[in-house]
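Okay, so here's the structure we're looking at.
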Amino acid sequence: MEKFIIRGGIPLKGHVEICGAKNAALPIITASLLTGETVVIKRIPKVSDVFTLLKVLKTIGCNYFWKDDSLTIDSSSITSTNAPYELIKKMRASYYILGPLVARFKKAKVALPGGCALGTRPVDLHIKGLTALGVKVEIEHGYVSCKAKKLKGHRIMLKGPHGPSVGATINVMMVASLAEGITVIEEAAMEPEVIDVANFLNKCGAKIKGMGTPIIEIKGQKKLKGIDYSIIPDRIETGTFLLASAITKGNVTVNKCLPEHNLALLTLLREYGVGIHEDKNNIRVSPPKTVKPLSIHAAPYPSFPTDLQPLMVALLSVTLGNSTVVETIFENRFMHVPELIRLGADIKMIDRYTAIIQGVKQLSGAPVMASDIRASAALILAGLVAKGETHISRIYHTDRGYDHIEKKLKKLGAKIERVSDPTAP
Ligand code: UD1
(Lines give C-alpha, C1' and ligand atoms only; values in the text may rest on other atoms or scores of the structure.)
Protein backbone atom coordinates (compact mmCIF):
# COMPACT_ATOMS: atom_id res chain seq x y z
CA MET A 1 0.00 0.00 0.00
CA GLU A 2 0.95 3.62 -0.41
CA LYS A 3 0.51 6.80 1.59
CA PHE A 4 0.90 10.54 1.10
CA ILE A 5 3.31 12.61 3.13
CA ILE A 6 2.41 16.30 3.06
CA ARG A 7 4.32 19.23 4.54
CA GLY A 8 1.80 22.01 5.00
CA GLY A 9 2.04 25.77 4.87
CA ILE A 10 2.53 26.62 1.20
CA PRO A 11 -0.05 28.77 -0.64
CA LEU A 12 -0.79 27.00 -3.93
CA LYS A 13 -0.17 28.94 -7.09
CA GLY A 14 -0.52 28.28 -10.81
CA HIS A 15 -2.78 26.50 -13.27
CA VAL A 16 -4.41 23.07 -13.10
CA GLU A 17 -6.31 21.21 -15.81
CA ILE A 18 -9.43 19.24 -14.93
CA CYS A 19 -10.11 15.65 -16.12
CA GLY A 20 -13.41 14.35 -17.45
CA ALA A 21 -16.07 13.60 -14.83
CA LYS A 22 -15.70 10.18 -13.18
CA ASN A 23 -19.41 10.07 -12.36
CA ALA A 24 -20.32 10.67 -16.01
CA ALA A 25 -17.59 8.40 -17.39
CA LEU A 26 -18.75 5.33 -15.43
CA PRO A 27 -22.37 5.26 -16.69
CA ILE A 28 -21.38 6.38 -20.20
CA ILE A 29 -18.94 3.45 -20.43
CA THR A 30 -21.75 1.01 -19.55
CA ALA A 31 -24.27 2.88 -21.74
CA SER A 32 -22.02 2.05 -24.69
CA LEU A 33 -23.13 -1.60 -24.24
CA LEU A 34 -26.63 -0.58 -25.34
CA THR A 35 -25.50 -0.11 -28.92
CA GLY A 36 -23.49 -3.22 -29.79
CA GLU A 37 -21.55 -0.92 -32.11
CA THR A 38 -18.17 0.69 -31.54
CA VAL A 39 -18.21 3.72 -29.27
CA VAL A 40 -15.35 6.17 -28.70
CA ILE A 41 -15.46 8.12 -25.45
CA LYS A 42 -13.03 10.99 -25.00
CA ARG A 43 -11.80 12.62 -21.84
CA ILE A 44 -12.09 9.55 -19.61
CA PRO A 45 -10.32 10.10 -16.28
CA LYS A 46 -7.64 7.49 -15.53
CA VAL A 47 -8.93 6.68 -12.06
CA SER A 48 -9.12 3.24 -10.50
CA ASP A 49 -12.96 3.15 -10.49
CA VAL A 50 -12.80 3.33 -14.31
CA PHE A 51 -10.22 0.52 -14.42
CA THR A 52 -12.41 -1.62 -12.12
CA LEU A 53 -15.42 -1.10 -14.38
CA LEU A 54 -13.35 -2.00 -17.42
CA LYS A 55 -12.42 -5.30 -15.72
CA VAL A 56 -16.15 -6.02 -15.34
CA LEU A 57 -16.60 -5.28 -19.06
CA LYS A 58 -13.72 -7.62 -19.91
CA THR A 59 -15.28 -10.50 -17.93
CA ILE A 60 -18.48 -10.25 -19.95
CA GLY A 61 -16.62 -10.30 -23.26
CA CYS A 62 -16.31 -6.63 -24.17
CA ASN A 63 -13.19 -5.38 -25.93
CA TYR A 64 -11.69 -1.96 -25.46
CA PHE A 65 -8.51 -0.02 -26.00
CA TRP A 66 -7.08 3.31 -24.86
CA LYS A 67 -5.53 6.07 -26.93
CA ASP A 68 -4.44 8.83 -24.55
CA ASP A 69 -7.60 9.66 -22.57
CA SER A 70 -9.94 8.31 -25.20
CA LEU A 71 -11.47 4.88 -24.84
CA THR A 72 -12.82 2.77 -27.71
CA ILE A 73 -15.34 0.14 -26.62
CA ASP A 74 -16.56 -2.72 -28.79
CA SER A 75 -19.44 -4.62 -27.20
CA SER A 76 -20.47 -6.50 -30.37
CA SER A 77 -19.54 -9.93 -29.01
CA ILE A 78 -20.59 -10.00 -25.36
CA THR A 79 -20.36 -13.59 -24.09
CA SER A 80 -21.92 -13.30 -20.64
CA THR A 81 -24.58 -11.27 -18.84
CA ASN A 82 -23.26 -12.12 -15.36
CA ALA A 83 -21.16 -9.65 -13.35
CA PRO A 84 -19.39 -11.39 -10.44
CA TYR A 85 -19.20 -10.24 -6.82
CA GLU A 86 -15.37 -10.17 -6.74
CA LEU A 87 -15.36 -7.11 -9.00
CA ILE A 88 -18.71 -5.53 -8.09
CA LYS A 89 -17.83 -5.35 -4.39
CA LYS A 90 -14.93 -2.99 -5.19
CA MET A 91 -17.18 -0.29 -6.56
CA ARG A 92 -20.84 0.42 -6.03
CA ALA A 93 -21.22 2.11 -9.42
CA SER A 94 -20.85 -1.32 -11.06
CA TYR A 95 -24.66 -1.44 -10.83
CA TYR A 96 -24.60 0.65 -14.01
CA ILE A 97 -23.93 -2.60 -15.87
CA LEU A 98 -27.38 -3.94 -14.91
CA GLY A 99 -29.56 -1.58 -16.98
CA PRO A 100 -27.70 -1.85 -20.31
CA LEU A 101 -27.39 -5.66 -20.09
CA VAL A 102 -31.08 -6.20 -19.36
CA ALA A 103 -32.06 -3.65 -22.03
CA ARG A 104 -30.00 -5.34 -24.75
CA PHE A 105 -30.12 -9.03 -23.79
CA LYS A 106 -33.31 -9.11 -21.68
CA LYS A 107 -31.38 -10.74 -18.87
CA ALA A 108 -28.62 -9.88 -16.41
CA LYS A 109 -27.25 -11.24 -13.18
CA VAL A 110 -25.22 -8.73 -11.22
CA ALA A 111 -23.90 -9.08 -7.67
CA LEU A 112 -25.58 -6.81 -5.13
CA PRO A 113 -23.09 -4.04 -4.40
CA GLY A 114 -23.85 -4.04 -0.66
CA GLY A 115 -23.16 -1.11 1.62
CA CYS A 116 -20.09 1.08 1.69
CA ALA A 117 -18.36 3.49 4.01
CA LEU A 118 -21.07 6.09 3.39
CA GLY A 119 -23.85 3.87 4.75
CA THR A 120 -26.24 1.13 3.69
CA ARG A 121 -26.88 2.57 0.19
CA PRO A 122 -29.85 0.49 -0.96
CA VAL A 123 -30.73 -0.29 -4.60
CA ASP A 124 -34.51 -0.36 -4.13
CA LEU A 125 -35.07 2.60 -6.50
CA HIS A 126 -33.10 0.89 -9.28
CA ILE A 127 -35.24 -2.23 -8.80
CA LYS A 128 -38.46 -0.20 -8.62
CA GLY A 129 -37.61 1.47 -11.94
CA LEU A 130 -36.64 -1.71 -13.76
CA THR A 131 -39.72 -3.54 -12.47
CA ALA A 132 -41.97 -0.75 -13.78
CA LEU A 133 -40.42 -1.21 -17.23
CA GLY A 134 -41.34 -4.92 -17.25
CA VAL A 135 -38.21 -6.51 -15.79
CA LYS A 136 -38.73 -9.42 -13.41
CA VAL A 137 -36.22 -8.85 -10.63
CA GLU A 138 -35.21 -11.50 -8.12
CA ILE A 139 -32.65 -11.23 -5.38
CA GLU A 140 -31.01 -14.53 -4.54
CA HIS A 141 -27.64 -15.62 -3.19
CA GLY A 142 -26.39 -12.02 -3.14
CA TYR A 143 -27.19 -11.40 -6.80
CA VAL A 144 -29.83 -9.30 -8.56
CA SER A 145 -31.22 -11.50 -11.32
CA CYS A 146 -33.17 -9.75 -14.04
CA LYS A 147 -35.25 -11.20 -16.83
CA ALA A 148 -37.64 -9.52 -19.23
CA LYS A 149 -39.81 -10.77 -22.07
CA LYS A 150 -40.57 -7.30 -23.28
CA LEU A 151 -39.58 -3.86 -22.00
CA LYS A 152 -42.40 -1.33 -21.96
CA GLY A 153 -42.31 2.37 -21.10
CA HIS A 154 -44.02 3.53 -17.89
CA ARG A 155 -44.45 6.51 -15.56
CA ILE A 156 -42.06 6.12 -12.61
CA MET A 157 -41.45 8.19 -9.47
CA LEU A 158 -37.85 7.74 -8.37
CA LYS A 159 -37.54 9.75 -5.19
CA GLY A 160 -36.21 8.00 -2.09
CA PRO A 161 -36.09 9.09 1.57
CA HIS A 162 -32.97 11.21 0.87
CA GLY A 163 -34.18 12.74 -2.39
CA PRO A 164 -33.76 11.70 -6.03
CA SER A 165 -31.23 9.02 -6.95
CA VAL A 166 -28.55 9.77 -9.54
CA GLY A 167 -27.80 6.08 -10.13
CA ALA A 168 -31.43 4.95 -10.40
CA THR A 169 -32.32 7.86 -12.73
CA ILE A 170 -29.44 6.92 -15.04
CA ASN A 171 -30.11 3.15 -14.95
CA VAL A 172 -33.81 3.66 -15.77
CA MET A 173 -32.97 6.17 -18.52
CA MET A 174 -30.64 3.62 -20.12
CA VAL A 175 -33.23 0.80 -20.08
CA ALA A 176 -36.07 3.07 -21.21
CA SER A 177 -34.01 4.10 -24.26
CA LEU A 178 -34.55 0.59 -25.66
CA ALA A 179 -38.04 -0.04 -24.20
CA GLU A 180 -41.21 0.12 -26.26
CA GLY A 181 -43.15 3.40 -25.89
CA ILE A 182 -42.70 6.34 -23.56
CA THR A 183 -41.19 6.40 -20.07
CA VAL A 184 -41.56 9.36 -17.76
CA ILE A 185 -39.27 9.62 -14.74
CA GLU A 186 -40.68 11.91 -12.06
CA GLU A 187 -38.52 13.32 -9.27
CA ALA A 188 -35.50 12.55 -11.46
CA ALA A 189 -32.01 13.53 -10.36
CA MET A 190 -30.87 16.78 -12.04
CA GLU A 191 -27.09 16.38 -11.70
CA PRO A 192 -24.94 17.44 -14.70
CA GLU A 193 -23.77 13.80 -14.98
CA VAL A 194 -27.39 12.71 -15.62
CA ILE A 195 -27.60 15.31 -18.40
CA ASP A 196 -24.30 14.09 -19.86
CA VAL A 197 -25.52 10.49 -20.02
CA ALA A 198 -28.76 11.68 -21.67
CA ASN A 199 -26.77 13.72 -24.21
CA PHE A 200 -24.61 10.68 -24.94
CA LEU A 201 -27.68 8.47 -25.42
CA ASN A 202 -29.38 11.07 -27.64
CA LYS A 203 -26.29 11.22 -29.85
CA CYS A 204 -26.57 7.40 -30.12
CA GLY A 205 -30.13 7.88 -31.40
CA ALA A 206 -32.18 7.85 -28.18
CA LYS A 207 -35.02 10.34 -27.72
CA ILE A 208 -34.69 11.86 -24.25
CA LYS A 209 -36.15 15.22 -23.15
CA GLY A 210 -36.24 17.08 -19.86
CA MET A 211 -32.83 16.00 -18.52
CA GLY A 212 -31.66 18.49 -15.95
CA THR A 213 -35.25 18.95 -14.72
CA PRO A 214 -37.21 16.72 -12.30
CA ILE A 215 -39.23 15.20 -15.16
CA ILE A 216 -37.42 13.24 -17.86
CA GLU A 217 -39.27 11.76 -20.82
CA ILE A 218 -37.75 8.95 -22.86
CA LYS A 219 -39.21 7.65 -26.11
CA GLY A 220 -37.84 4.14 -26.56
CA GLN A 221 -36.02 3.20 -29.77
CA LYS A 222 -35.46 -0.18 -31.44
CA LYS A 223 -31.71 0.29 -31.72
CA LEU A 224 -28.94 2.72 -30.80
CA LYS A 225 -25.82 3.37 -32.82
CA GLY A 226 -22.11 3.75 -32.05
CA ILE A 227 -20.73 7.31 -31.80
CA ASP A 228 -17.81 9.51 -30.66
CA TYR A 229 -18.47 11.47 -27.48
CA SER A 230 -16.51 13.72 -25.14
CA ILE A 231 -17.61 13.81 -21.51
CA ILE A 232 -18.03 16.87 -19.28
CA PRO A 233 -15.31 18.12 -16.91
CA ASP A 234 -15.33 16.79 -13.36
CA ARG A 235 -17.09 19.35 -11.15
CA ILE A 236 -15.92 17.59 -7.99
CA GLU A 237 -12.26 17.64 -9.06
CA THR A 238 -12.83 21.31 -10.00
CA GLY A 239 -14.23 21.99 -6.53
CA THR A 240 -11.33 20.14 -4.93
CA PHE A 241 -8.76 22.49 -6.48
CA LEU A 242 -10.88 25.61 -5.81
CA LEU A 243 -11.07 24.60 -2.16
CA ALA A 244 -7.36 23.69 -2.09
CA SER A 245 -6.62 27.23 -3.29
CA ALA A 246 -8.98 28.75 -0.70
CA ILE A 247 -7.63 26.76 2.27
CA THR A 248 -3.97 27.57 1.44
CA LYS A 249 -4.84 31.23 0.67
CA GLY A 250 -3.41 30.53 -2.74
CA ASN A 251 -3.94 31.80 -6.24
CA VAL A 252 -4.97 28.88 -8.44
CA THR A 253 -6.59 28.93 -11.86
CA VAL A 254 -8.64 25.87 -12.71
CA ASN A 255 -8.69 25.34 -16.48
CA LYS A 256 -10.97 23.33 -18.76
CA CYS A 257 -13.85 23.28 -16.27
CA LEU A 258 -17.49 24.40 -16.45
CA PRO A 259 -18.17 27.10 -13.83
CA GLU A 260 -21.94 26.72 -14.35
CA HIS A 261 -21.74 23.24 -12.76
CA ASN A 262 -20.26 24.65 -9.56
CA LEU A 263 -22.60 27.58 -8.89
CA ALA A 264 -23.46 26.57 -5.32
CA LEU A 265 -19.78 26.23 -4.41
CA LEU A 266 -18.79 29.48 -6.14
CA THR A 267 -21.54 31.36 -4.29
CA LEU A 268 -20.32 29.97 -0.96
CA LEU A 269 -16.68 30.72 -1.74
CA ARG A 270 -17.55 34.36 -2.54
CA GLU A 271 -19.46 34.59 0.74
CA TYR A 272 -16.43 33.02 2.47
CA GLY A 273 -14.20 35.82 1.24
CA VAL A 274 -11.91 34.53 -1.54
CA GLY A 275 -11.87 36.28 -4.89
CA ILE A 276 -13.54 34.34 -7.71
CA HIS A 277 -12.82 35.28 -11.31
CA GLU A 278 -14.50 33.13 -13.92
CA ASP A 279 -15.01 32.93 -17.64
CA LYS A 280 -16.57 30.19 -19.77
CA ASN A 281 -14.08 27.40 -18.98
CA ASN A 282 -11.78 28.74 -16.26
CA ILE A 283 -12.04 29.79 -12.63
CA ARG A 284 -9.37 31.64 -10.67
CA VAL A 285 -9.42 31.79 -6.88
CA SER A 286 -7.45 34.66 -5.38
CA PRO A 287 -6.51 34.96 -1.70
CA PRO A 288 -9.06 36.40 0.74
CA LYS A 289 -8.62 39.62 2.70
CA THR A 290 -10.81 38.32 5.52
CA VAL A 291 -12.78 35.07 5.74
CA LYS A 292 -16.17 34.26 7.23
CA PRO A 293 -17.55 31.05 8.76
CA LEU A 294 -20.36 29.47 6.74
CA SER A 295 -23.55 27.51 7.11
CA ILE A 296 -23.65 24.68 4.55
CA HIS A 297 -26.39 22.31 3.53
CA ALA A 298 -25.25 19.42 1.28
CA ALA A 299 -28.21 18.27 -0.82
CA PRO A 300 -29.03 17.06 -4.37
CA TYR A 301 -28.05 19.28 -7.34
CA PRO A 302 -28.28 22.24 -7.80
CA SER A 303 -27.58 22.52 -4.05
CA PHE A 304 -24.10 22.17 -2.61
CA PRO A 305 -22.79 18.66 -3.49
CA THR A 306 -22.37 16.00 -0.81
CA ASP A 307 -19.11 14.98 -2.53
CA LEU A 308 -17.55 18.34 -1.60
CA GLN A 309 -18.95 18.38 1.95
CA PRO A 310 -15.86 16.74 3.55
CA LEU A 311 -13.55 19.23 1.81
CA MET A 312 -15.68 22.15 3.00
CA VAL A 313 -15.47 20.80 6.57
CA ALA A 314 -11.66 20.87 6.21
CA LEU A 315 -11.76 24.51 5.03
CA LEU A 316 -14.11 25.61 7.83
CA SER A 317 -11.93 23.82 10.41
CA VAL A 318 -9.32 26.55 9.90
CA THR A 319 -11.80 29.43 9.60
CA LEU A 320 -12.24 31.32 12.87
CA GLY A 321 -15.83 31.46 14.12
CA ASN A 322 -18.67 28.95 14.20
CA SER A 323 -19.70 27.08 11.05
CA THR A 324 -22.43 24.49 10.57
CA VAL A 325 -22.42 21.71 8.00
CA VAL A 326 -25.55 19.64 7.42
CA GLU A 327 -25.47 16.50 5.27
CA THR A 328 -28.83 15.35 3.89
CA ILE A 329 -27.92 12.54 1.48
CA PHE A 330 -25.73 9.93 3.16
CA GLU A 331 -26.19 8.66 6.71
CA ASN A 332 -22.49 8.11 7.35
CA ARG A 333 -20.72 10.91 5.57
CA PHE A 334 -18.67 12.41 8.38
CA MET A 335 -15.94 9.76 8.55
CA HIS A 336 -13.36 12.50 7.95
CA VAL A 337 -14.35 14.28 11.17
CA PRO A 338 -12.46 12.04 13.67
CA GLU A 339 -9.39 12.23 11.42
CA LEU A 340 -9.60 16.05 11.16
CA ILE A 341 -9.90 16.15 14.96
CA ARG A 342 -6.61 14.21 15.11
CA LEU A 343 -5.10 17.12 13.16
CA GLY A 344 -6.40 19.57 15.77
CA ALA A 345 -9.81 20.55 14.34
CA ASP A 346 -12.60 21.43 16.79
CA ILE A 347 -15.72 19.73 15.42
CA LYS A 348 -18.77 18.47 17.30
CA MET A 349 -21.33 16.14 15.78
CA ILE A 350 -24.85 17.12 16.97
CA ASP A 351 -26.28 14.02 15.31
CA ARG A 352 -25.09 11.90 12.38
CA TYR A 353 -26.17 14.58 9.88
CA THR A 354 -24.94 17.82 11.54
CA ALA A 355 -21.44 19.07 12.35
CA ILE A 356 -20.70 22.23 14.31
CA ILE A 357 -17.22 23.52 13.59
CA GLN A 358 -15.35 25.97 15.79
CA GLY A 359 -12.54 27.17 13.55
CA VAL A 360 -8.99 26.92 14.92
CA LYS A 361 -5.96 29.06 14.00
CA GLN A 362 -3.74 26.18 13.00
CA LEU A 363 -3.89 22.41 12.44
CA SER A 364 -0.89 20.26 13.25
CA GLY A 365 0.34 17.36 11.11
CA ALA A 366 -0.32 13.79 12.28
CA PRO A 367 -0.84 10.31 10.81
CA VAL A 368 -4.44 9.95 9.56
CA MET A 369 -6.40 7.41 7.59
CA ALA A 370 -8.61 7.90 4.51
CA SER A 371 -12.02 6.18 4.57
CA ASP A 372 -13.48 7.09 1.16
CA ILE A 373 -12.62 9.13 -1.93
CA ARG A 374 -13.75 12.54 -0.72
CA ALA A 375 -12.76 12.04 2.92
CA SER A 376 -9.25 11.41 1.62
CA ALA A 377 -9.38 14.69 -0.37
CA ALA A 378 -10.49 16.51 2.80
CA LEU A 379 -7.46 15.13 4.67
CA ILE A 380 -5.17 16.22 1.83
CA LEU A 381 -6.56 19.77 2.07
CA ALA A 382 -6.08 19.77 5.83
CA GLY A 383 -2.52 18.44 5.38
CA LEU A 384 -1.74 21.31 2.99
CA VAL A 385 -2.24 23.84 5.82
CA ALA A 386 -1.26 21.79 8.87
CA LYS A 387 2.00 22.61 10.61
CA GLY A 388 4.59 19.89 10.06
CA GLU A 389 4.04 16.52 8.37
CA THR A 390 0.72 14.80 7.73
CA HIS A 391 0.83 11.14 6.71
CA ILE A 392 -2.35 9.93 4.97
CA SER A 393 -2.71 6.17 4.65
CA ARG A 394 -5.16 4.08 2.56
CA ILE A 395 -4.83 6.44 -0.40
CA TYR A 396 -6.22 3.78 -2.72
CA HIS A 397 -9.47 5.60 -1.86
CA THR A 398 -8.02 8.81 -3.38
CA ASP A 399 -6.98 6.96 -6.53
CA ARG A 400 -10.56 5.73 -7.05
CA GLY A 401 -11.61 9.27 -7.96
CA TYR A 402 -8.52 11.38 -8.72
CA ASP A 403 -5.93 10.85 -11.44
CA HIS A 404 -2.65 11.36 -9.55
CA ILE A 405 -3.81 14.25 -7.44
CA GLU A 406 -0.32 14.61 -5.96
CA LYS A 407 1.20 15.41 -9.37
CA LYS A 408 -1.27 18.24 -9.93
CA LEU A 409 -0.77 19.58 -6.39
CA LYS A 410 3.02 19.46 -6.79
CA LYS A 411 2.77 21.55 -9.95
CA LEU A 412 0.95 24.13 -7.83
CA GLY A 413 3.81 24.16 -5.33
CA ALA A 414 2.54 21.72 -2.68
CA LYS A 415 5.00 19.54 -0.82
CA ILE A 416 3.36 16.16 -1.22
CA GLU A 417 4.95 12.77 -1.84
CA ARG A 418 3.48 9.34 -2.58
CA VAL A 419 5.53 6.72 -0.76
CA SER A 420 5.05 3.05 -0.02
CA ASP A 421 3.56 2.38 3.38
CA PRO A 422 5.30 -0.55 5.05
CA THR A 423 3.17 -0.13 8.20
CA ALA A 424 -0.08 -0.77 6.28
CA PRO A 425 -1.92 -3.97 7.28
C1 UD1 B 1 -23.86 9.21 -7.02
C2 UD1 B 1 -22.38 9.53 -7.09
C3 UD1 B 1 -21.85 9.92 -5.72
C4 UD1 B 1 -22.67 11.03 -5.11
C5 UD1 B 1 -24.15 10.66 -5.11
C6 UD1 B 1 -25.06 11.78 -4.63
C7 UD1 B 1 -21.64 8.11 -8.89
C8 UD1 B 1 -20.82 6.94 -9.32
N9 UD1 B 1 -21.69 8.36 -7.58
O10 UD1 B 1 -23.99 8.05 -6.19
O11 UD1 B 1 -20.49 10.35 -5.89
O12 UD1 B 1 -22.26 11.24 -3.77
O13 UD1 B 1 -24.58 10.31 -6.45
O14 UD1 B 1 -24.85 12.91 -5.38
O15 UD1 B 1 -22.20 8.81 -9.71
N16 UD1 B 1 -30.88 5.57 -2.52
C17 UD1 B 1 -31.94 4.79 -2.14
N18 UD1 B 1 -32.30 3.77 -2.97
C19 UD1 B 1 -31.66 3.52 -4.16
C20 UD1 B 1 -30.60 4.36 -4.54
C21 UD1 B 1 -30.23 5.39 -3.71
O22 UD1 B 1 -32.54 5.00 -1.08
O23 UD1 B 1 -32.04 2.59 -4.86
C24 UD1 B 1 -30.47 6.67 -1.63
C25 UD1 B 1 -28.99 6.62 -1.26
O26 UD1 B 1 -28.74 5.75 -0.18
C27 UD1 B 1 -28.70 8.08 -0.92
C28 UD1 B 1 -29.60 8.83 -1.91
O29 UD1 B 1 -30.61 7.90 -2.33
O30 UD1 B 1 -29.14 8.37 0.39
C31 UD1 B 1 -28.88 9.35 -3.12
O32 UD1 B 1 -28.11 8.30 -3.70
P33 UD1 B 1 -27.79 8.26 -5.25
O34 UD1 B 1 -28.09 9.58 -5.85
O35 UD1 B 1 -28.41 7.05 -5.84
O36 UD1 B 1 -26.21 8.04 -5.20
P37 UD1 B 1 -25.36 7.20 -6.22
O38 UD1 B 1 -25.94 7.27 -7.58
O39 UD1 B 1 -25.05 5.88 -5.64
Side-chain angles (χ1 to χ4, degrees), residues 20-31 44-45 47-50 52-53 56 88 90-99 110 112-132 137 139 144 156-174 185 187-197 214 231-232 234-237 239-240 261-262 264-265 297-312 327-336 352-353 372-378 397 400-402:
K22 165 182 87 76
N23 289 350
L26 296 170
I28 288 176
I29 288 171
T30 64
I44 300 274
V47 297
S48 65
D49 271 8
V50 165
T52 303
L53 183 62
V56 179
I88 298 291
K90 288 195 180 164
M91 184 185 60
R92 206 184 128 77
S94 312
Y95 53 52
Y96 280 137
I97 200 98
L98 190 64
V110 176
L112 267 173
C116 73
L118 305 183
T120 49
R121 299 188 78 175
V123 287
D124 57 315
L125 296 171
H126 296 248
I127 293 173
K128 178 182 173 187
L130 297 188
T131 307
V137 183
I139 297 190
V144 186
I156 308 162
M157 206 282 285
L158 275 187
K159 192 174 181 181
H162 299 277
S165 161
V166 174
T169 302
I170 290 178
N171 240 338
V172 170
M173 219 163 58
M174 295 195 282
I185 306 176
E187 305 272 12
M190 299 191 287
E191 271 67 3
E193 294 76 18
V194 175
I195 302 178
D196 208 32
V197 178
I231 61 173
I232 53 169
D234 196 311
R235 67 193 164 101
I236 307 301
E237 192 195 17
T240 300
H261 288 170
N262 280 102
L265 171 65
H297 207 82
Y301 193 84
S303 291
F304 182 76
T306 173
D307 285 355
L308 289 176
Q309 176 264 100
L311 292 80
M312 196 49 117
E327 166 69 40
T328 65
I329 299 183
F330 292 114
E331 69 207 31
N332 205 10
R333 194 151 211 182
F334 281 108
M335 307 264 286
H336 43 290
R352 63 199 308 181
Y353 292 103
D372 63 70
I373 307 177
R374 309 305 168 186
S376 76
H397 287 296
R400 286 188 51 203
Y402 294 92

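Residues take their numbers from the sequence shown, with the count starting at 1. In listed order, ligands and their atoms are each counted from 1. This is a predicted model, so every value here is computed, not measured.
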Checklist entry - According to the interplanar angle, ranging from 0 to 90°, do the rings of Y353 and H162 count as parallel (below 30°), tilted (30 to 60°) or perpendicular (above 60°)? => result tilted

Checklist outcome for this item: Numbered in order shown, the ligand 1 atoms found under 4.0 Å of a heavy atom of G167 are 35 (O), 38 (O)

Item to check | Side-chain (E331) to main-chain (R352) donor-acceptor, under 3.5 angstrom | outcome: no

Checklist outcome for this item: ligand 1 to R92, heavy atom cutoff 4.0 Å, flagged ligand atoms 39 (O)

Next on the checklist: For a 4.5 angstrom cut-off between non-hydrogen side-chain atoms, does H297 reach F304?
Outcome noted: no

Item to check | Where ligand 1 meets R333 - atom numbers and elements under 4.0 angstrom, heavy-atom basis | outcome: 12 (O)

Next on the checklist: Suppose I only count heavy atoms of A93 and a 4.0 Å limit; which atoms of ligand 1 are within that range?
Outcome noted: 8 (C)

Checklist outcome for this item: Taking only non-hydrogen atoms of Y95 and a 4.0 Å limit, the atoms of ligand 1 in range are 37 (P), 38 (O), 39 (O)

Checklist entry - Just which atoms of ligand 1 are under 4.0 Å from any heavy atom in T306? => result 6 (C), 12 (O), 14 (O)

Item to check | Shortest heavy-atom approach to atom 30 (O) of ligand 1 - which of I329, D124, D307 | outcome: I329

Checklist entry - Is the shortest heavy-atom distance from the side chain of M174 to the side chain of L98 under 4.5 Å? => result no

Checklist entry - Quick one: does S165 get a heavy atom under 4.0 Å from ligand 1? => result yes

Checklist entry - Non-hydrogen atoms of P122 versus ligand 1: any pair closer than 4.0 Å? => result yes

